[in-house]
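Scroll down for the structure; my scribbles are underneath it.
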Amino acid sequence: MLHYFLKRLLGLLPTLFLVAVIVFLFVHMLPGDPARLAAGPEADQVTVELVRKDLGLDKPLPEQFITYFGNIITKGDFGTSLRTKRPVSVEIGERFAATFWLTVWSMVWSVFFGLIIGMISATKRNKWQDHAGMALAVSGISFPTFALGLLLMEIFSVSLGWLPTVGADSWKHYILPSITLGAGVAAVMARFTRASFVEILQDDYIRTARAKGLSEWAVIVKHGLRNALIPVVTMMGLQFGFLLGGSIVVEKVFNWPGLGRLLVDAVEMRDYPVLQAEVLLFSLEFILINLLVDILYAVINPRICFK
C-alpha cells in the first residue's frame, strides 16, 4: 500500500507540469490586455507599456513560463495578483476555507440522502417509492444550479425571511448554497446507488443471508451496503471534484467569498497569476481525490490489493 501511495504521489509531478503548461498557454490566449486593465481606462500608451514591463508581460512567453514555474518550484511563489497587488497564495488562502467547508457540507448531505434514496429505490424496485425517488433524482439533475439557487433565495430568504442570502458568517449562511450545490450530486448518487444495489441484491450471498433468517435491514446494511459501496465510492470522488468546480456558479449567485468568486473576478480582470494558481489547485485536488478513492477501495474491500 505504501509503495503504491508513493508511486502515485510521484506521478503527480508530470501531470501537474502538463496542466501548468496548458493553463499558462490558455490564459495568455484570453482576449483583453491585462496591462491596460491594470493601468486603467484613462492611461495613455506609455503608461500601459510601463505597467506591462513592471508585470513582466513584455517578455517572450517561454521566458515568462520558466520564470513562473521556477518560482513555484524553488520558492513556492505563485506570483502577485495583477488586480490587488497581493501575493496569490494570500488571496487563495483567505478564500480557501469558505469554499472547502461549503463543498464538504454539500457533499455530506448529498451523499447521505443520495444513498438513502438509492437504497430505498432498489429495495422497493418498481414500486411507488422507487418511482418517487427516481423522479426526484431526475429533477435534481435536470434543474439548473443557478435557477435552483435563485428559487431557494426567493422562497426562504425573500418570502419567508428564514435564511440569509449572502455572506459566510454563520451556519445559516451555508444552508441555501450547500443545498443548491449538492442537489445535482445527490441525484447522481441516488441513481448510481440504486443501480449498484439492484445488481448486488440479486447475488447468491444475498439470497443465502435471507435464507438464514436475517432481517431485511441486516441483509441490506451488513451484506449489501459494503459491496455496493465500491462503485459508489468512485462516483463520490468524482462528484467531490465536480462540487469544487461547480461552486463557481453557486458562489456567484450567493456572493460567496470563496475560490469560485475569486476565479470569476480573475477571469474578468485577466489576472493571470490567480487564474493559473487556482486551476493548478483544482487539478491537484482532483488527483488527490482519485488517490484517496483508490485507497478507500482497500478499506471497504480487503480483498483488493495494490502493487
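Positions are given from 1 along the sequence.
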Quiz item: Members other than Ile22 in its cluster, when Ile, Leu, Val, Met, Phe, Trp, Tyr link by side-chain heavy atoms under 4.5 Å?
Solution: Leu18
Self-check item: Nearest atoms (heavy-atom pairs only) where Pro177 meets Val250
Solution: O-CG1, 3.7 Å
Exercise. Determine the minimum heavy-atom distance between Val274 and Leu262, stating which atoms define it.
Key: CG1-CG, 3.9 Å
Exercise. Apply side chain to side chain contact (heavy atoms under 4.5 Å, CB included) to Leu263 and Leu259, showing your working.
Key: CA-CA 6 Å; Leu263 185 63; Leu259 294 178; over 6 Å; no
Quiz item: Can you name the nearest heavy-atom pair linking Ala190 to Ile117, along with the distance?
Solution: CB-CG2, 3.9 Å
Practice problem: Please report the closest heavy-atom contact between Gly258 and Ala98, naming both atoms and the distance. | Solution: CA-CB, 4.3 Å
Quiz prompt | Ile179 vs Leu152 side-chain heavy atoms within contact, under 4.5 Å | solution = yes
Self-check item: Single-linkage hydrophobic cluster Leu136~Trp128, side-chain heavy atoms < 4.5 angstrom
Solution: no
Quiz item: So, do Ile175 and Phe156 sit near enough that their side-chain heavy atoms are less than 4.5 Å apart?
Solution: no
Quiz item: Would you call the rings of Tyr174 and Trp256 parallel, tilted or perpendicular if under 30° counts as parallel and over 60° as perpendicular?
Solution: perpendicular
Quiz item: Do Ser157 side-chain atoms and Leu163 backbone N/O form a donor-acceptor pair below 3.5 Å?
Solution: yes
Quiz prompt | Partner residues of Ala277 under the side chain to side chain contact (heavy atoms under 4.5 Å, CB included) criterion, sequence neighbours left out | solution = Phe78, Val88, Ile92
Exercise. Return the set of residues passing side chain to side chain contact (heavy atoms under 4.5 Å, CB included) with Ile73 (not counting sequence neighbours), or none when no residue passes.
Key: Phe69
Quiz item: Looking at CD of Gln129 and CE of Met119, how far apart are the two atoms once the value is rounded to the nearest 0.5 Å?
Solution: 14.0 Å
Exercise. Please report the shortest heavy-atom distance between Leu181 and Val185, naming the atom on each side.
Key: O-CG2, 4.3 Å
Quiz item: Hey, quick one: are Ile66 and Leu280 part of the same hydrophobic cluster, counting side-chain heavy atoms closer than 4.5 Å, chains of contacts allowed?
Solution: no
Exercise. Enumerate the residue pairs fulfilling salt bridge (Lys or Arg N to Asp or Glu O under 4.0 Å) with a member in residues 112-131, sequence neighbours excluded, ordered by first and then second residue.
Key: Asp130-Arg194
Self-check item: By side chain to side chain contact (heavy atoms under 4.5 Å, CB included) - contacts of Phe113 (at least two apart)
Solution: Trp109
Quiz item: Is there side-chain contact between Leu115 and Val111, with heavy atoms separated by less than 4.5 Å?
Solution: yes
Quiz prompt | Residue pair Arg191 / Ala137: nearest heavy atoms and the distance that separates them | solution = CG-CB, 3.8 Å
Self-check item: side chain to side chain contact (heavy atoms under 4.5 Å, CB included) involving Ala195 - partner list, sequence neighbours excluded
Solution: none
Quiz item: Quick one: ring-ring contact (aromatic ring centres under 6.0 Å, His included) partners of Phe100, sequence neighbours excluded?
Solution: Phe96
Quiz item: What residues, two or more places apart in sequence or in another chain, satisfy side chain to side chain donor-acceptor pair (under 3.5 Å) together with Ser81?
Solution: Thr84, Asp271
Practice problem: Not counting sequence neighbours, which residues clear side chain to side chain donor-acceptor pair (under 3.5 Å) with Arg261? List them please. | Solution: Asn255
Quiz item: Would you call Met153 and Phe254 a side-chain contact if the rule is heavy atoms closer than 4.5 Å?
Solution: yes
Self-check item: Distance in Å, Leu25 CG paired with Phe65 CZ, rounded so as to fall on 0.5 Å steps
Solution: 8.0 Å
Self-check item: Joint hydrophobic cluster, Leu148 plus Leu160, side-chain heavy atoms closer than 4.5 Å
Solution: yes
Exercise. Return each pair, listed once, that meets side-chain hydrogen bond (donor to acceptor under 3.5 Å, both in side chains) where at least one residue sits in residues 93-108; pairs must be two or more places apart or across chains.
Key: Arg86-Glu94, Thr99-Glu251
Quiz item: Which pairs with one or both residues in residues 131-144 pass salt bridge (Lys or Arg N to Asp or Glu O under 4.0 Å), sequence neighbours excluded?
Solution: none
